[in-house]
Amino acid sequence: MSTSPGPINLFEFEALAKERLPKEEYDYIAGGATDELSVERNRRAFESWALRPRVLGNVSALDLSTTVLGTKVSLPVLLAPCGGHKKAHPEGEFATYRAAAACGTILAVSANASAPFEELAKAATGHLWLQLYSFRDREMTKSWLSRAKEAGYEALCITLDSQWPPKRERNIRNNYKQTRGVNYPKAGPGETPAPGGADPAATWKDLEWIKSQTDLPVVAKGIMTGEDVELCAQAGADAVIVSNHGGRHLDNTLATIEVLSEAVAAAKGGMEILLDGGVRRGADVVKALALGAKAVFIGRPLFWGLAVDGQQGVTRVLEILREEIEITMAKCGRPTVASIDSTVVVKAPPLRKSPFGNSRKVRFAC
Ligand code: FNR
């Protein structure tokens, strides 16, 4: 009797997770803003770069390790800050950080995590970053900065693209009720809770102020233009995550991989540039590195891993990516992450889905 290998790629993980999650939770995780054009574009734009295979490069000993802000990771894939891992598995972020640690990578814990961030740090053994916003209440921001340091977080990820709430139509249709994160202060009897998210009035001065209030590295997340990369550098950011929030905030943007080169050029080598959005294959990771990213993050796939098999599921998601990165590096003749340069990729004509129904078959657009 043959046993099933289980999901063998991240798309199959998503399909299985979709079967297991309540519809409204799946929609919340998978969905994006308005027409979800940016969600699809993030994914499809990876097809616009082709790999250039190289042979006879002695790839007998591959090394996928690299550093991000000085921390060694065993592969160039980190786990993006995402709220509410308990939506996908009862152990939530506790399962995720164990998977991250087992795979030798970093988990960025979201401000909207389903567990208190200090409790998570206390239990964790691996490397954790804390994501937060420039909150309306500066004292709250200040207190999170020092509590994060005290708790052992190694970097702060400041999400900058969430100053205004998005329109997510799947959630509207499903009447989805998002619960307030456990890390935000509770309101006393009869009080209105203080708003938890990003301050719509925040400016670059606030990022500069955050940087001045902490000695942890500050990573600016949600940047999509060279102009904003330059402003991040001026505000003192140590790294930038090129991100459109997985297409969950503003629709109709370019894909993150399409703006990566602009961001890298604007950083002028002064800051590490990271990327998230639509990374689902090892080849995507190698393409992002070739175009100048130091490492990438995955968001939704961590939920698919959790929904399928908790900690083991997230571990498997990361291991699948590791295997696919290995294959890509070997076949492009690049034994180390440092050897992945711009000559690994070439801009390629866009592909579109075959009109004959089989989504795996593609043909050149005329
Ligand atoms: C997110 N993301 C996110 N980002 C952030 O800065 N703070 C947060 O609390 C959340 N929460 C969140 C919840 C869920 C369910 C998802 C799917 C995403 C965005 C996340 O960090 C990342 O930018 C995207 O998920 C990357 O795109 P992919 O990999 O999901 O395509």
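Computed from a prediction, not measured in an experiment: that's the story for all the values here. Computed over heavy atoms, backbone and side chain alike; hydrogens, waters and symmetry mates excluded. Read the numbers this way: they start at 1 and go in the same order the structure lists the ligands and their atoms.
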Under a 4.0 Å heavy-atom cut-off, which residues neighbour ligand 1?
Tyr28, Ile29, Ala80, Pro81, Cys82, Gly83, Ser110, Asn112, Gln131, Tyr133, Thr159, Lys221, Ser243, His245, Gly246, Arg248, Asp276, Gly277, Gly278, Arg280, Ile298, Gly299, Arg300, Phe303

Which residue pairs pass the ring pair (Phe, Tyr, Trp, His ring centres under 6.0 Å) test with at least one member in residues 244-263, sequence neighbours excluded?
His245-His249

Should the pair Arg41-Glu258 be classified as a salt bridge under the 4.0 Å nitrogen-to-oxygen rule?
yes

Short N-O contact, Arg138 and Asp199, less than 4.0 angstrom:
no

Taking the side chain as everything from C-beta on, heavy atoms only, tell me whether Ile106 gets closer than 4.5 Å to Trp129.
yes

Does Lys205 NZ have over 12 foreign heavy atoms under 6.0 Å away?
no

Lys87 to Phe303, cation-pi by 6.0 Å centre distance and 45° axis angle
no

